[in-house]
**Student:** 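Let me begin by handing over the structure; questions about it come next.
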Amino acid sequence: MLQSLVYMSSATQPFDDAALDEVLAYSRERNTADGLTGMLVHRSGRFMQLLEGPHDAVISTYGRIVADPRHDEVRLLVEESIHTRRFPEWTMAFDRDEQVEPPEGFNEFLTSGDVSADASRARELLRWFRNHPMAAPTASLGKHRRD
């Protein structure tokens with residue numbers, strides 16, 4: 001069994017393309033090493049991430065995120081055991097200059113949408129966030145933090 005969770009948070013500082021590229025490169029390396037896959041989405045100062053992988057690695061990573069001073073209003077939206085990964089690797093989606101070549105691991109989710117037939121609550125939350133990034137984290141029913 002694998003663990004999956006989705007959280008939403010607010011950024012405590014602005015992230016430009018260069019800063020988001022750094023987050024992508026670092027997180028991709030670390031999450032891959034920890035056996036994690038999923039997708040981090042950043043839009044308009046908000047983050048939503050779906051993490052999946054071994055239970056201990058998912059929970060440990062989420063704990064680091066909750067403690068990270070770059071995140072505020074961290075809300076756990078979905079946590080569940082899964083049999084199959086929804087994402088084959090860890091990727092990140094964010095609004096960026098379309099004239100610049102995207103870095104490895106960049107996901108076109110925000111511009112192309114999601115063509116997956118996956119109707120899980122976790123995947124639906126990502127779709128919701130694509131269209132409602134400025135909604136308060138509690139708007140998607142997240143009401144607690146994992147301590």
Side-chain angles (χ1 to χ4, degrees), residues 1-12 14-68 70-98 100-137 139-142 145-146:
M1 288 294 273
L2 299 167
Q3 189 71 13
S4 173
L5 67 77
V6 178
Y7 74 86
M8 186 174 176
S9 69
S10 297
T12 58
F15 282 83
D16 60 14
D17 282 359
L20 290 166
D21 285 350
E22 286 180 30
V23 169
L24 170 57
Y26 175 78
S27 297
R28 188 169 167 81
E29 181 178 324
R30 177 141 195 195
N31 288 336
T32 299
D34 289 344
L36 299 175
T37 60
M39 183 168 53
L40 174 62
V41 183
H42 175 272
R43 188 170 236 183
S44 302
R46 300 275 191 184
F47 288 101
M48 182 176 279
Q49 182 167 207
L50 183 150
L51 280 173
E52 57 192 10
H55 180 273
D56 291 346
V58 169
I59 299 309
S60 175
T61 298
Y62 182 65
R64 283 193 309 273
I65 291 163
V66 169
D68 188 328
R70 297 174 295 178
H71 292 272
D72 191 26
E73 299 179 325
V74 179
R75 299 292 184 258
L76 181 61
L77 306 175
V78 174
E79 183 177 8
E80 61 188 345
S81 295
I82 58 173
H83 294 285
T84 307
R85 292 178 189 266
R86 296 178 181 108
F87 292 87
E89 59 184 328
W90 192 89
T91 61
M92 185 172 174
F94 51 93
D95 294 317
R96 63 179 292 115
D97 182 355
E98 293 180 15
V100 177
E101 183 71 23
E104 183 177 352
F106 181 76
N107 190 307
E108 299 285 340
F109 175 74
L110 291 176
T111 55
S112 330
D114 187 16
V115 296
S116 170
D118 181 357
S120 67
R121 183 164 180 229
R123 196 73 174 225
E124 290 299 327
L125 281 168
L126 290 172
R127 292 178 184 125
W128 172 85
F129 183 74
R130 181 176 179 262
N131 297 314
H132 303 91
M134 292 307 293
S140 54
L141 303 179
R145 293 169 63 134
R146 177 186 268 282

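When reading the values below, keep in mind they use all heavy atoms of this one structure, side chains included, and skip hydrogens, waters and symmetry mates. Source: prediction; values computed, not measured.
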**Student:** Taking everything shown except E29 itself, do over 12 heavy atoms lie less than 6.0 Å from its CD?
**Tutor:** no
**Student:** What heavy-atom pair brings P54 and G35 nearest, and what distance separates the two atoms?
**Tutor:** CD-O, 3.4 Å
**Student:** Between R130 (side chain only) and F109 (backbone N and O only), is there a donor and an acceptor less than 3.5 Å apart?
**Tutor:** yes
**Student:** Partners of D17 by side-chain hydrogen bond (donor to acceptor under 3.5 Å, both in side chains), sequence neighbours excluded?
**Tutor:** none
**Student:** What's the verdict on side chain to side chain contact (heavy atoms under 4.5 Å, CB included) for M1 and H83, showing C-alpha distance, side-chain angles and the deciding distance?
**Tutor:** CA-CA 5 Å; M1 288 294 273; H83 294 285; 3.1 Å; yes
**Student:** Nearest 0.5 Å please: distance from the CG atom of N31 over to the OH atom of Y26.
**Tutor:** 9.0 Å
**Student:** Specify the closest pair of heavy atoms between L50 and A122, including all atoms of both residues, with the distance to one decimal.
**Tutor:** CD1-CB, 3.5 Å
**Student:** Checking R46 side chain against M8 main chain: does a donor-acceptor pair fall under 3.5 Å?
**Tutor:** no
**Student:** Side chain to side chain contact (heavy atoms under 4.5 Å, CB included) for V66 and Y7? Distances and angles first, verdict last.
**Tutor:** CA-CA 10 Å; V66 169; Y7 74 86; over 6 Å; no
**Student:** Shortest non-hydrogen contact from P103 to L24?
**Tutor:**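 Between these two residues, the closest heavy atoms are CG-CD2, 3.4 Å.
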**Student:** Could you check whether any side-chain N or O of T37 sits under 3.5 Å from a backbone N or O of F87, counting only pairs where one atom can act as donor and the other as acceptor?
**Tutor:** yes
**Student:** I need the W90 CH2 to R85 CZ distance, nearest 0.5 Å.
**Tutor:** 14.0 Å
**Student:** Rounded to the nearest 0.5 Å, how far does CD of E22 lie from OG of S27?
**Tutor:** 11.0 Å
**Student:** How long is the span from the OG atom in S9 to the CG atom in L76, to the nearest 0.5 Å?
**Tutor:** 12.0 Å
**Student:** Evaluate side chain to side chain contact (heavy atoms under 4.5 Å, CB included) for D21 paired with R96, printing each intermediate quantity in order.
**Tutor:** CA-CA 10 Å; D21 285 350; R96 63 179 292 115; 2.8 Å; yes
**Student:** Distance check, rounded to the nearest 0.5 Å: L51 atom CG versus E79 atom CD?
**Tutor:** 11.0 Å
**Student:** Once you measure the plane-to-plane angle for F15 and F47, does it fall in the parallel (<30°), tilted (30-60°) or perpendicular (>60°) bin?
**Tutor:**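 Because their plane-to-plane angle is over 60°, the rings of F15 and F47 count as perpendicular.
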**Student:** Partners of E89 by salt bridge (Lys or Arg N to Asp or Glu O under 4.0 Å), sequence neighbours excluded?
**Tutor:** R28
**Student:** Let's go through H71 and S10 carefully: what are the C-alpha distance in whole Å and the side-chain angles of both, what is the deciding distance for side chain to side chain contact (heavy atoms under 4.5 Å, CB included) to 0.1 Å, and is it a yes or a no?
**Tutor:** CA-CA 6 Å; H71 292 272; S10 297; over 6 Å; no
**Student:** Rounded to the nearest 0.5 Å, what's the gap from CG on L126 to CG on N107? Could you check?
**Tutor:**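 Taking CG in L126 and CG in N107, the distance rounds to 9.5 Å.
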**Student:** Measure across M48 and L125 and return the closest heavy-atom pair with its distance rounded to 0.1 Å.
**Tutor:**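 That closest heavy-atom pairing would be SD-O, 3.3 Å.
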**Student:** Which pairs, with at least one residue in residues 52-68 and sequence neighbours excluded, count as a salt bridge (Lys or Arg N to Asp or Glu O under 4.0 Å)?
**Tutor:** D34-R64, D68-R70
